[in-house]
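First up is the structure itself, then whatever we jot down about it.
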Amino acid sequence: MIPILRATDSDALQKRVMNRSQLQNDDVSRSVKEIVARVRDEGDKALFEYTEKFDRAKITEDNVLVSREEIEAAYAAASPEWLEAMREAARRITAFHEKQKQNTWIDFQPGIALGQKITPLSRVGVYVPGGTAAYPSSVLMNVLPAKVAGVREIIMVTPPGSDGGVSYPLALAAADIAGVDRIYKVGGAQAIAALAFGTESIPRVDKITGPGNIYVANAKREVFGHVGIDMVAGPSEVLVIADGSADPRYVAADLLSQAEHDPLAAAILVTDSEAVASAVQAELERQTALLPRQEVIRKSLNAYGTIVVAETLAECAAIANQIAPEHLELSVSEPYALLPLIDNAGAIFLGHWSPEPLGDYLAGPNHVLPTSGTARFFSPLSVDDFVKKSSIICCTREELRAVSAQVELLARQEGLDAHANAVAIRFAKED
């Protein structure tokens, strides 16, 4: 049974919920550095050797690229209902991200024009895990914002099975629905290195997005700087703020929907109602016993599941801001009234009929969200992640002359005489 804490137990809450990431692993870090270095130096040779070692798949330059026949086979293996749902999800995700698009702009003022140029990235790589961690919905969430942004080419990598095919074929159908240009059958840290530096078979990309295991996460961190990355994601979490109007069955179900992800996932309830706290605690026990992934759920709840009772909803909001959860549900009678008190959250779900899984699949906003408290300063994956912004400055002679003395003064004060001279030289004859 998960514990019920008081709002005054903030230290206990922090210790229980935070620092769940296992990314800080020296052995993994050393292994990843070696893999990245070898793929960078040796290209396909190292890439295919590691693929055979870790995935037990014989991949070569002749079969590393997924064929159209393999994609068609993935479509054939999928049910019509699933394909319809994926296409509807793609439509909604695209529509939401279309609203995020920005345009190049220039503001023409007397003597000077200032603006910002928006340029899509040229090529992006998307990592898609295999096996039990493969989620076709994540393919849509990573690819569609890039498509909306206008990225010219999207490359996907995903691990092969031992038979040389893709380990999770439905990911191929999802990638095709989303508009991926090329898919390669490689995974792990070696795939991240291939995307970052390029090999004979796989082109170098400008940015890498997508989830993965501890090796993939460490590899993304290792190549950052040579290539952009979305984020180094930690374990998932949901925090539900509930008042007396909440149905304990719904709250418990929403908490369990995150706990089933991973033994490191955190499911947290913060409430101003003792009755709700006790009822949800009991519901968690009852519903867990009915779920197929109860072993994973129990590990998650035993280690990180937490119920906190506070005096007021404002205090509940303050606790939520302290945790800065990936997912935040406001399961209260007046969620819009509580919303202004929320500063830190990846995604916010308002009311009793907005469960977190709706956001995972079909609502439209991105489910690639900041975790482990990083919602204090990071945002969800968006169109902005797939564009570059360049400043535009165009000055007339007259305007530069008018401000030249101040530019020179500021430059010389910082000891940068050549900066000052670059302005002064233009008017030297006049002076």
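Please read all numbers here as calculations on a predicted model, not as lab measurements.
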Rounded to the nearest 0.5 Å, what separates atom [atom1] in [X] from atom [atom2] in [Y]?
X: Ser257; Y: Leu358; atom1: OG; atom2: CG; answer: 11.5 Å
X: Glu334; Y: Ser245; atom1: CD; atom2: OG; answer: 9.0 Å
X: Cys395; Y: Ile112; atom1: SG; atom2: CD1; answer: 4.5 Å
X: Glu356; Y: Ile348; atom1: CD; atom2: CD1; answer: 13.5 Å
X: Ile177; Y: Ile71; atom1: CD1; atom2: CD1; answer: 11.0 Å
X: Arg298; Y: Glu260; atom1: CZ; atom2: CD; answer: 14.0 Å

For [X], what residues pass the side chain to side chain contact (heavy atoms under 4.5 Å, CB included) criterion, not counting sequence neighbours?
X: Pro248; result: Ala279, Val280, Glu283
X: Glu200; result: Asp44
X: Asp107; result: Trp105, Gln109
X: Cys394; result: Ala113

Discussion item. For Thr209 and Asn142: C-alpha separation, side-chain torsions, deciding distance, then whether side-chain hydrogen bond (donor to acceptor under 3.5 Å, both in side chains) applies.
Written reply: CA-CA 7 Å; Thr209 74; Asn142 279 273; 2.9 Å; yes
Using only atom types and a distance under 3.5 Å, with no angle test, would you say the side chain of [X] pairs donor to acceptor with the backbone of [Y]?
X: Arg123; Y: Arg204; answer: yes
X: Ser300; Y: Val296; answer: no
X: Thr396; Y: Gly111; answer: yes
X: Asn344; Y: Ala324; answer: no
X: Glu326; Y: Glu237; answer: yes
X: His327; Y: Leu239; answer: no
X: Asn63; Y: Thr60; answer: yes
X: Thr371; Y: Gly234; answer: yes
X: Asn213; Y: Gly188; answer: no
X: Ser331; Y: Glu329; answer: no

Fill in: By salt bridge (Lys or Arg N to Asp or Glu O under 4.0 Å) - contacts of Asp230 (at least two apart)
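For Asp230 the salt bridge (Lys or Arg N to Asp or Glu O under 4.0 Å) partners, ignoring immediate neighbours, are Lys220.
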Item to complete: Check salt bridge (Lys or Arg N to Asp or Glu O under 4.0 Å) between Asp385 and all other residues, then give those that pass, not counting sequence neighbours.
Response: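 For Asp385 the salt bridge (Lys or Arg N to Asp or Glu O under 4.0 Å) partners, ignoring immediate neighbours, are Lys207.
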Have [X] and [Y] got a donor and an acceptor in their side chains that come within less than 3.5 Å?
X: His97; Y: Asn366; answer: yes
X: Asp384; Y: Gln102; answer: yes
X: Lys388; Y: Ser390; answer: no
X: Gln258; Y: Ser236; answer: yes

Partner residues of [X] under the ring-ring contact (aromatic ring centres under 6.0 Å, His included) criterion, sequence neighbours left out:
X: Phe386; value: none
X: Tyr250; value: Trp353
X: His419; value: none
X: Phe197; value: His226

Discussion item. Under 4.0 Å between a side-chain nitrogen and a carboxylate oxygen: does that hold for Glu84 and Arg87?
Written reply: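 Answer for the salt bridge query: no.
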Worksheet item: Would you call Lys45-Glu49 a salt bridge at under 4.0 Å N-O?
Response: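 Answer for the salt bridge query: yes.
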Compare every heavy atom of [Y] with every heavy atom of [X], then report the nearest pair and how far apart it is.
X: Thr199; Y: Val39; answer: CG2-CG1, 4.1 Å
X: Ala363; Y: Pro365; answer: C-CD, 3.4 Å
X: Leu170; Y: Pro136; answer: CB-CG, 4.2 Å
X: Tyr127; Y: Gly212; answer: CE2-CA, 4.3 Å

Just wondering, are more than 12 heavy atoms of other shown residues or ligands nearer than 6.0 Å to [atom1] in [X]?
X: Phe377; atom1: CZ; answer: yes
X: Tyr75; atom1: OH; answer: yes
X: Leu290; atom1: CG; answer: yes

Practice prompt. For Glu98 and Thr94, run side chain to side chain contact (heavy atoms under 4.5 Å, CB included): C-alpha distance rounded to whole Å, both residues' side-chain angles, the deciding distance at 0.1 Å, then the answer.
Written response: CA-CA 6 Å; Glu98 286 281 357; Thr94 299; 4.2 Å; yes
Fill in: Results of side-chain hydrogen bond (donor to acceptor under 3.5 Å, both in side chains) for Thr158 - residues two or more places apart only
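Listed in chain order: nothing, the list is empty.
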Practice prompt. Determine, step by step, whether Val251 and Asp254 satisfy the side chain to side chain contact (heavy atoms under 4.5 Å, CB included) criterion, reporting the C-alpha distance in whole Å, the side-chain angles of both residues, the deciding distance to 0.1 Å, and the verdict.
Written response: CA-CA 5 Å; Val251 173; Asp254 293 355; 5.9 Å; no
Discussion item. Can you pull out every salt bridge (Lys or Arg N to Asp or Glu O under 4.0 Å) where at least one residue sits in residues 62-78? Sequence neighbours excluded, please.
Written reply: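 Salt bridge (Lys or Arg N to Asp or Glu O under 4.0 Å) check on residues 62-78 returns Arg68-Glu72, Arg68-Asp176, Glu70-Lys185.
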Item to complete: Start with the C-alpha distance between Arg92 and Glu88, add both sets of side-chain angles, then the distance that settles salt bridge (charged side-chain N to carboxylate O under 4.0 Å, His left out), and finish with yes or no.
Response: CA-CA 6 Å; Arg92 291 176 178 234; Glu88 176 62 14; 2.8 Å; yes
Worksheet item: Relative to each other, are the rings of His261 and Tyr135 parallel, tilted or perpendicular (30° and 60° limits)?
Response: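 Perpendicular.
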Practice prompt. Carefully, step by step, assess Asp247 and His352 under the rule side chain to side chain contact (heavy atoms under 4.5 Å, CB included).
Written response: CA-CA 8 Å; Asp247 188 321; His352 303 309; over 6 Å; no
Worksheet item: Are any of the side-chain heavy atoms of Pro159 and Pro129 separated by less than 4.5 Å?
Response: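 A side-chain contact is absent here, since even the closest heavy-atom pair is not under 4.5 Å.
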Discussion item. For Ile241 and Thr271: C-alpha separation, side-chain torsions, deciding distance, then whether side chain to side chain contact (heavy atoms under 4.5 Å, CB included) applies.
Written reply: CA-CA 6 Å; Ile241 295 178; Thr271 179; over 6 Å; no
